[in-house]
Every structure is written in C-alpha cells, then in structure tokens.
Amino acid sequence: MSNSQSFSNAANRQNKTVLITGASSGIGLEVAKIFRASGWNVVATMRNPENCELAQDEKILCLPLDVTRHETIENTIETAIARFGSIDALINNAGYALVGAFEACSQVEIERQFATNVFGLMAVTRAILPHFRDRRQGIIVNVASIGGKLTFPLYSPYHATKWAVEGFSESLQYELKPLNIKVKIIEPGPIKTDFYTRSMSVAQKPGLTDYDHYVARTLPQMQKPSMASPPEVTAKVVYRAVTDGSWKLRYPAGGGAGIFMALRKLLPDALFQAIIKAGIER
Ligand SMILES: NC(=O)c1ccc[n+]([C@@H]2O[C@H](COP(=O)([O-])OP(=O)(O)OC[C@H]3O[C@@H](n4cnc5c(N)ncnc54)[C@H](OP(=O)(O)O)[C@@H]3O)[C@@H](O)[C@H]2O)c1
C-alpha cells in the first residue's frame, strides 16, 4: 500500500482538526496536504491567505495569521473552532532564519527573529491552551530543528531561537501531561524549502568588513546543504508525531537529522566542531 493510500484510509475513520502556522510553503504546506489527505479538517494559517496553494474544499480553511501579531491569534482560533467545532492538534511551524555574522545583525533583526520563532510560537500555544484544557486533550507540535540541539556557523540568532523552543517545549510537557495535553518537538535537518532562499534574512552592516572572508567561504555551504530532504519527509514525521498515540517528545525529521544528533551526543565538543568546520568552512 502506498503512503498516500494508507494516509487516506486512516483518514476516513476520523474527523479531527489540525491548525498549522506558516502553511503557505515548505514544511507547513506539506503538513497541511498530508493531514487533508488523511481526512482531517485543516486550518491552514498564513500571513497572506490569498496566496494559499491548497486545493480549497469543505475541510480546508485558510486563515490569515502573522504569529507576531498577538492580538489576531485568538480571533483566528475562535474562527477555526466555530467552523470545525474543535481543534485537536496545533502545529507551530512558522519560522525563518536570520543568518550572518552576529555583529552585523541589528537589534531590530534579532528581536524580529525571536518575535517569530519563539514569542510567536509561545503566543499561539498560550492562546490554544484554554481550548485544550477544556477538552482535556490536545497535541502541540513545535517545529524546532536539529539546530536546537547543535550549531552551525553564522546562524547564532537562529540557533538561539531554536534552543529556546527546545527548552520551552521540554519544560512545558511536564505541566500539560496531567491535563492530557501532549507536547512534541520536531527536529528537521536540512530540508529543501524556501528557508534557504526567499525566507532567509542575511544580516549586513555597512562598513563592517572583517567577517567578509569567513562569510564568503562559509555561508554558501550553509545555503546549499548537501543532505537536504524534501519537505514531505518532515511532514510525514509531523503526522506520525500527532497520530502515534505516544507521549514521545522528540522526533528527528529528515535531512540526516538522526545522524547529526547521534554524532552531537556521542562526540566530544572539539571533535564535533572539527567535523562541522571540515564540512562547512571551505
Ligand atoms: N528548511 C530547513 O532546512 C529547516 C530545518 C530545520 C527547521 N526548519 C523549520 O521549519 C519551519 C518551516 O520552515 P520551512 O523550511 O518550511 O521554510 P519556508 O518554506 O520558508 O516556510 C516558512 C513559513 O513560515 C512562515 N512565516 C514566517 N514568518 C511568519 C510570521 N511572522 N507569521 C506567520 N508565518 C510566518 C512563512 O510565511 P510567508 O510565506 O508569509 O513568508 C512560511 O509559510 C521553520 O520553523 C524552520 O525554522 C526548517
């Protein structure tokens, strides 16, 4: 049986609802497609729903949501509940990377990075918790990264956000377990999406040239990762995290994530860093 057949068959047996942030492209878009193919109601939220690429039907609701605009989040959740009756799973997927030499990043750029990847994710989580508590059920899936457990050069603000998501999620699961609310962390490795192109913000500071040589020989390797997987791989892991019935917390999800994480765990710092340098600094 093909994957899409097995997703479809599972589908017709239930009528659940998932709400996804950042569903306009990449991983979020593929997550929306997999849940829809499995019979779920899908609330695909995005900054510009007029660009929604999902085939519209009665089980798809595209809604506007910029996770940095906290005042709009509750409205979006209420609209989704009014349409489908309840929400069973939240996928906190919206995010992007601010890259470059740290010194070249402005305070505004760094705060925007945290506003999206951390405070936005927290705000959506806080907004959905009353609904999950009322129902004594719900699943929160936070899309972190292998970059929440290890680091690469020139991604320091991004790593800081993803390490924050890891710590936030791991601590949160303790208090939510007695309420039957699950927290899951998805840890993708490199995935072929707009993450490395349209979505990426490259910091530059006029007159700051001391990093130019390092950035020029390093950043291109980071923007074309050799082990990148298609986003469907990660989307399938998200689907599994929501539907496997377990309390498992972490899910490596494509792009060699399992290998990266195993090496990080097993190797001493100096050896791991030497491998990263050999692979990325040219
Ligand atoms: N690709 C990778 O290698 C990789 C690896 C590890 C983790 N991740 C994580 O996976 C998640 C999805 O990224 P992706 O790879 O699928 O990249 P992507 O194709 O660029 O998708 C990013 C999504 O986030 C949305 N977004 C950005 N800022 C937002 C905001 N303020 N409010 C709402 N939505 C916002 C984008 O919306 P617009 O269309 O409006 O810009 C887009 O839908 C991110 O959290 C990323 O950190 C990616």
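In listed order, ligands and their atoms are each counted from 1. Each residue takes its place number in the sequence, starting with 1.
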Any Lys/Arg nitrogen of Glu170 or Arg250 sitting under 4.0 Å from an Asp/Glu carboxylate oxygen of the other?
yes
Q. Mind checking whether Tyr96 and Thr116 have side chains closer than 4.5 Å, heavy atoms only?
A. yes
Any N or O of Ile146 closer than 3.5 Å to N or O of ligand 1: no
The atoms of ligand 1 lying under 4.0 Å from a heavy atom of Ser24, numbered in the order shown, are 37 (O), 38 (P), 39 (O), 42 (C), 43 (O)
Q) So, is Val67 polar-close to ligand 1, with some N/O to N/O distance under 3.5 Å? A) yes
Kindly work out whether a path of hydrophobic side-chain contacts (I/L/V/M/F/W/Y, heavy atoms less than 4.5 Å apart) joins Ile34 to Val42.
yes
Among non-hydrogen protein atoms, atom 8 (N) of ligand 1 lies closest to Tyr158 OH, 3.7 Å
query = With a 4.0 Å cut-off on heavy atoms, does Lys162 reach ligand 1?
reply = yes
Residue, atom and distance of the protein heavy atom nearest atom 16 (O) of ligand 1 read Ile27 N, 2.8 Å
Has ligand 1 got any nitrogen or oxygen that is less than 3.5 angstrom from a nitrogen or oxygen of Pro190? no
If you scan protein heavy atoms around atom 19 (O) of ligand 1, the nearest is Ser25 OG, 2.8 Å
Quick look: Lys192 vs ligand 1, heavy-atom contacts under 4.0 Å, and the answer is neither
So the atoms of ligand 1 within less than 4.0 Å of a heavy atom of Gly95 turn out to be 22 (C), 24 (O), 44 (C), 45 (O)
Side chain or backbone, does Tyr96 bring an N or O within less than 3.5 Å of an N or O on ligand 1?
no
From the list Val18, Asn41, Thr79, side chain to side chain contact (heavy atoms under 4.5 Å, CB included) with Phe84 holds only for Asn41
>> Looking only at distances, can you tell me whether any N or O atom of Asn93, backbone or side chain, sits closer than 3.5 Å to an N or O atom of ligand 1?
In response: yes
- For ligand 1, find out whether one of its N or O atoms is nearer than 3.5 Å to an N or O atom of Ile191. yes
Is a salt bridge present between Arg264 and Asp269, judged by a nitrogen-to-oxygen distance below 4.0 Å? yes
The atoms of ligand 1 lying under 4.0 Å from a heavy atom of Leu65, numbered in the order shown, are 32 (N), 33 (C)
Evaluate Arg198 for polar contact with ligand 1, using N/O atom pairs at a separation under 3.5 Å.
yes
> Judged by non-hydrogen atoms, does Ala144 sit under 4.0 Å from ligand 1?
Replying inline: yes
Of all protein heavy atoms, the one nearest atom 23 (C) of ligand 1 is Gly22 O, 3.8 Å
Checking heavy-atom distances from atom 31 (N) of ligand 1 to each of Thr72, Asp66, Leu29, the winner is Asp66
Original post:
Does a side-chain heavy-atom distance below 4.5 Å link Thr218 with Phe152?
Top reply: no
With a 3.5 Å cut-off and no angle check, do the side chains of Asp66 and Thr72 form a donor-acceptor pair? no
One finds that the ligand 1 atoms under 4.0 Å from a non-hydrogen atom of Gly189 are 3 (O), 5 (C), 6 (C)
Measure the shortest side-chain to side-chain distance between Glu166 and Glu187 over non-hydrogen atoms and say whether it is less than 4.5 angstrom. yes
Thr193 heavy atoms within 4.0 Å reach ligand 1 at atoms 1 (N), 14 (P), 15 (O), 16 (O), 17 (O), 19 (O)
A student checking ligand 1 against Thr68 at a 4.0 Å heavy-atom cut-off should list atoms 31 (N)
Interatomic distance, CD1@Ile146 vs CD1@Ile191, rounded to 0.5 Å, equals 9.0 Å
Check whether any side-chain heavy atom of Ile87 lies under 4.5 Å from a side-chain heavy atom of His131, and answer yes or no. yes
Ligand 1 to Gly26, heavy atom cutoff 4.0 Å, flagged ligand atoms 16 (O), 19 (O)
If we number the atoms of ligand 1 from 1 as shown, the ones under 4.0 Å from a heavy atom of Ser199 are 18 (P), 20 (O)
Open item on the list: So Val238 and Tyr251, do their side chains get closer than 4.5 Å, heavy atoms only?
Closed with: no
Short version for Thr116: what comes under 4.0 Å of ligand 1, heavy atoms counted, is side chain
Discussion item. For ligand 1 and Arg47, I'd like to know whether there is a polar contact (N/O to N/O, distance under 3.5 Å).
Written reply: yes
Taking the six-membered ring of Trp40 (Phe, Tyr or Trp), confirm whether the NZ or CZ of Lys59 is under 6.0 Å from its centre and within 45° of its axis.
-> no
task: In plain terms, say whether Glu109 and Arg112 are close enough for a salt bridge, that is, a side-chain N and a carboxylate O under 4.0 Å apart.
output: no
Is it true that Ser246 and Lys184 share a donor-acceptor pair across their side chains at a distance under 3.5 Å?
yes
From the list Val215, Thr209, Leu208, side chain to side chain contact (heavy atoms under 4.5 Å, CB included) partner of Asp212 resolves to Thr209
for atom 35 (C) of ligand 1, nearest protein heavy atom and its distance come out as Ala94 CB, 3.6 Å
